[in-house]
Amino acid sequence: MCDNKLKSVKEQYVFNFDNTYAQLPEKFFASASALTIPKPRLLKFNHEFAEQLGVQTLDSSDELASIFSGQTILKGSQPIALAYAGHQFGHFVPKLGDGRAILLGEIVGRNKQRYDIQLKGAGRTPFSRGGDGRCPLGPAIREYIISEAMYALGVPTTRALALVTTGDFVHRNSALPGAVFTRVASSHIRIGTFEYFALQGDNEAVKILADYAIDRHYPQAKSDANPYLAFFKEVICAQTTLITKWMSLGFIHGVMNTDNTSISGETIDYGPCAFMDEFNFQQVFSSIDYHGRYSYSNQAAIILWNLSRLGDCLVPLVDSDSKKAITVLEEELSAAHNKIESNFVMEIAAKIGIERPEMKDETLVTTWLQYLQTQKYDYTLSFRELATLVSTKSVNRFFEKTSQFNDFLDMWRIRIKEQTTDDTQEKMNNVNPVFIPRNHQVERAITQAINNDFSVFEELNQVLQNPYKEQSEFSLYKQAPQANEKITATFCGT
């Protein structure tokens, strides 16, 4: 009877797996299987996203829980754990790999784009080292909330498909409810994947990986006279665009290691990440970032450092003369530095209502951000409040009328007046969210979930689907934290 039910599930859930990474040489991955868990329970399934992926599903929560905890293996799935290395806080670790993640396989969505379907927290893999391969409920909830919020905010990101509780406990400093999170990504190829082979001197594997990444993500690079340099330029473009988008929203990743830097340019691995409340250029949340390596303002420099590590791996492919290869790669990195600076100015200028941002707006942008830091203002709310000043000459009580603010306001009004548009306020509100996944609300959702109350988790996910829209019934979620609600440190999900 049990076998018949399992067969029914396999036939009715259609993922149309089309696995290509598993066809690479065996050194790129290792076979893996999920841990048997006592009582999988579906907490959340992203039906809308599943529809976009072209996944045909049943309505049975029990069957979904079995599939997205790895207990039921669907037809066409080839569960593997990926090999990679990485620079973690600047120190190279030659062998990391998916220690608590299992790639079920790849599918091609309705949009013809290829996606990885991966379970996080499903148990040990050959790369687990001393770990148990498990995931507590808290980090799984954090990743579900923030990855979906990032998508709604318009940021390239991995997505959440399902969240399952395991019915048992994960032991860290204490016993915590266990969970399995299903992540969907354009791929899980990282800079650290290239480092894994390059630091072994395996240039053949680097070439295989580069060719695969080009085919999957940047096929236009194949027609270039130097496809591997073109590939490097594409990754630079994707990553520099991503990081400036993060910073425009006040987002801090927290662990920008090279193994957390995706070739596709998606935000990946939501560990001790956070959105700023009070603006601070030096803001750090990660509890293990003792020296501020991954602070808010340092993210631009770090992505260039990470991209330099990718460049190191590509040297033999770019030119047989290593000196020539290094020269052209460094030229691209130098250009990327300037691009990040200009991108950031353009992003913030648009947020303060500049219709056609130019580099001359840098002074205006800098003055505004310095004012926010001096006053310790809430980053997200400040932009929405500024938008209200477009249509009135009076200044609301939100802003302290300091000389710094007056200087900014004078420059800003002149700049706004130069524009021909009459919908500046609307355009500002279209790029400045009302709602972000505030740290204290995410922690509230986690705390209640651990006590088997998922109401805040559900409500927070609902409101964050429309982050740019005023939702008066959810006004609680837009408010900055009170002094006793502030979160000063966030933690890695392992």
- Under the ring pair (Phe, Tyr, Trp, His ring centres under 6.0 Å) test, which residues partner Tyr151, sequence neighbours left out? none
- Item | Charged N-O contact under 4.0 Å between Arg114 and Asp215 | no
- Listed partners of Phe28 passing ring pair (Phe, Tyr, Trp, His ring centres under 6.0 Å), at least two apart: Phe197
- With rounding to the nearest 0.5 Å, note down the distance linking CD1 in Ile67 to OG in Ser77. 10.5 Å
- Selection residues 322-343 - residue pairs positive for salt bridge (Lys or Arg N to Asp or Glu O under 4.0 Å), sequence neighbours left out: none
- Message: Can a side-chain donor-acceptor contact be found between Ser186 and Glu266 if the only test is distance below 3.5 angstrom?
- Response: yes
Only distances under 3.5 Å count here; give the side-chain donor-acceptor pairs of residues 303-315 to other protein atoms, sequence neighbours excluded, each with its distance to 0.1 Å.
unit_1 : atom_1 : unit_2 : atom_2 : d
Asn306 : ND2    : Met256 : O      : 2.9
Asn306 : ND2    : Thr261 : OG1    : 3.1
Ser308 : OG     : Leu304 : O      : 2.9
Arg309 : NE     : Asp312 : OD2    : 3.0
Arg309 : NH1    : Trp305 : O      : 3.1
Arg309 : NH2    : Asp312 : OD2    : 3.1

- Contacts of Tyr196 meeting ring pair (Phe, Tyr, Trp, His ring centres under 6.0 Å) (sequence neighbours excluded), chain-then-number -> none
- Query: For residues Glu148 and Asn461, is any side-chain donor paired with an opposing acceptor at under 3.5 Å?
  - Reply: no
- Item | Partner residues of Asp361 under the side-chain hydrogen bond (donor to acceptor under 3.5 Å, both in side chains) criterion, sequence neighbours left out | Arg415
- In chain order, what residues pass the side-chain hydrogen bond (donor to acceptor under 3.5 Å, both in side chains) check against Tyr212, with sequence neighbours excluded? Thr20, Arg216
Side-chain donor/acceptor pairs under 3.5 Å, residues 32-45, sequence neighbours excluded:
unit_1 : atom_1 : unit_2 : atom_2 : d
Arg41  : NH1    : Asn452 : OD1    : 3.2
Lys44  : NZ     : Glu458 : OE1    : 2.8

- Output all residues satisfying side-chain hydrogen bond (donor to acceptor under 3.5 Å, both in side chains) with Lys245, sequence neighbours left out; order by chain, then residue number. none
- Message: According to ring pair (Phe, Tyr, Trp, His ring centres under 6.0 Å), who are the partners of Phe194, at least two apart in sequence or on a separate chain?
- Response: Phe231
Kindly list each side-chain donor-acceptor pair under 3.5 angstrom involving residues 83-95, sequence neighbours excluded, with atom names and distances?
unit_1 : atom_1 : unit_2 : atom_2 : d
Tyr84  : OH     : Gly97  : O      : 3.2
Tyr84  : OH     : Asp98  : OD1    : 3.2
His87  : ND1    : Glu195 : OE2    : 2.5

Using a 3.5 Å cut-off and no angle test, enumerate the donor-acceptor pairs between side-chain atoms of residues 203-210 and protein atoms at least two apart in sequence or in another chain.
unit_1 : atom_1 : unit_2 : atom_2 : d
Lys207 : NZ     : Asp211 : OD2    : 3.0
Lys207 : NZ     : Tyr228 : OH     : 3.4

